[in-house]
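See below for the structure under consideration.
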Amino acid sequence: MRLELSARPPFSLHQVIHSHGWPQLAPFLWDRASGELRRVERLATGRVVELRFDPTPEGVAVEVDTPLAPAEQAELEAKVDWMLGLGQDFSAFYAATRHEPKLAQAEALARGRVLRSSTLFEDVLKTIATTNTTWGGTIRMIDALVRLYGEPLPADPTRRAFPTPERLAAVDADSLRAEVKLGYRAPYVQGLAQAVASGSLDLEALRGSELSTPELRQRLLAIKGVGGYAAAHLLVILGRYDYVPVDSWARSLVAKEWHDGRRVGETEVNAAFEGWGEWRGLAYWCWDWAD
DNA sequence: GGTAGACCTGGACGC
DNA sequence: GCGTCCAGGTCTACC
């Protein structure tokens, strides 16, 4: 079946998909040949379905590989809305960027939205898997997590949904370390899964939370394995842009842009975007880098 | 509050 | 083929 959803303009499915590396992480699948984004998703009823995303003039069309009950369809529409940020409003950001040549194209290109997973649990776990490793390592870790613990797609059991907190909570940290190669992150992931599965941590409540950004950041920093960089990255995913996610890549970009390639630290990266106030993280994200 | 060292993996490099 | 070094953020202990 096919779902058609409209987005607040300007909207570009291409820009959302290519906003960062998430399409390369299972259970997303970026089909380079067809230029199509796919994802395996587990619904609340326990059914596992495949989604294919295609652009439409009003927003996005989602092809689902099987008919859905009305409740399943409503659930899926809400998930797609969240993943693509269909209702997000960047008009204030665009207004603030018109005087900055390096951001002047942001509105015309419909930049600002960041591809999200369907749950914050998945995005926190993926973000932890990006820290202190190479991108190739992140891809391997997430691929192994999905392959070993995700529920299979009936039409193609080689493809699986992202594992639920309950499933990962039932796996001991030693197995995560040995089989998923999570290394020292294994107890962090296991602890996070247990906290979410037991209900002691309601991660999903942070989506749309009315907490101030510093309070939200403190909630994220309280998660083992989430430090300054990871918290700032997750805040961007949550639609809060007060902090720049400073990692080695950000330092490299800022070094080339403003310091003739000389090594810079967190202080210089933050200083580069200090003037953007509540839009710091988005200005960094959308900057038209020289390199 | 700031800092040093440990954590873990995989890739690059030298032998 | 083997050993060593290094990069990548976060945590913990210590000052």
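Fair warning: this is a prediction, and the values are worked out from it, not measured in the lab. The chains referred to below are lettered A, B, ... by the order of the sequence lines, with proteins before strands, and numbering in each begins at 1.
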Covered region of DNA chain B, 5' end to 3' end, by chain A [heavy atoms, under 4.0 Å] |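 Contact span on the strand: B:dC7 to B:dG11.
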
So does A:Tyr184 reach the base of C:dG9 with its side chain, donor to acceptor, closer than 3.5 Å?
->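 It does, because a donor-acceptor pair links the side chain of A:Tyr184 to the base of C:dG9 below 3.5 Å.
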
Geometric cation-pi criterion A:Arg111 and A:Trp285, 6.0 Å radius, 45° cone |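 No, a cation-pi geometry is absent between A:Arg111 and A:Trp285.
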
Within 45° of the six-membered ring axis of A:Trp30 and under 6.0 Å from that ring's centre, is NZ or CZ of A:Arg38 located there?
->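 Cation-pi check for A:Arg38 and A:Trp30: fails.
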
Round to a whole Å and report the spacing from [atom1] of [X] to [atom2] of [N].
| X | N | atom1 | atom2 | value |
| --- | --- | --- | --- | --- |
| A:Asp247 | C:dG8 | CG | P | 9 Å |
| A:Lys224 | C:dT12 | NZ | C1' | 9 Å |
| A:His233 | C:dG9 | NE2 | P | 12 Å |
| A:Tyr243 | C:dG9 | OH | P | 20 Å |
| A:Ile128 | C:dT10 | CD1 | P | 9 Å |
| A:Trp135 | C:dG9 | CH2 | C1' | 15 Å |
| A:Leu221 | C:dT12 | CG | P | 13 Å |

Answer with base, sugar-phosphate or nothing: what part of the nucleic acid does [X] contact at a heavy-atom distance below 4.0 Å?
| X | answer |
| --- | --- |
| A:Ala230 | sugar-phosphate |
| A:Ile223 | sugar-phosphate |
| A:Gly228 | sugar-phosphate |

By salt bridge (Lys or Arg N to Asp or Glu O under 4.0 Å), which residues pair with A:Arg177, not counting sequence neighbours?
->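 Salt bridge (Lys or Arg N to Asp or Glu O under 4.0 Å) list for A:Arg177, sorted by chain: empty.
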
What do you reckon, are the aromatic ring centroids of A:Phe273 and A:Trp279 less than 6.0 Å apart?
->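 When the ring centroids of A:Phe273 and A:Trp279 are compared, they turn out to be at least 6.0 Å apart.
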
Looking at the rings of A:Trp287 and A:Trp258, which for Trp means the six-membered one, are their centres under 6.0 Å apart?
->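 Ring centroids of A:Trp287 and A:Trp258 are less than 6.0 Å from each other.
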
In plain terms, say whether A:Glu215 and A:Arg219 are close enough for a salt bridge, that is, a side-chain N and a carboxylate O under 4.0 Å apart.
->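 No, A:Glu215 and A:Arg219 are not salt-bridged.
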
Under 4.0 angstrom between A:Arg251 side-chain N/O and C:dG9 OP1 or OP2 =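 Indeed, a polar side-chain atom of A:Arg251 lies that close.
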
Any A:Ser248 side-chain nitrogen or oxygen under 4.0 Å from OP1 or OP2 of C:dG9 =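 Yes.
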
Run the side-chain donor-acceptor check on residues 101-108 of chain A: report pairs under 3.5 Å with partners two or more places apart or on a different chain.
from: A:Lys102; atom 1: NZ; to: A:Glu257; atom 2: OE2; distance (Å): 3.2
from: A:Lys102; atom 1: NZ; to: A:Asp288; atom 2: O; distance (Å): 3.0
from: A:Glu107; atom 1: OE1; to: A:Arg98; atom 2: NH2; distance (Å): 3.1

Please tell me which of A:Gly225 and A:Arg185 maps to the more 5' nucleotide of DNA chain C, matching each residue to the nucleotide holding its nearest heavy atom.
->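 That would be A:Arg185.
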
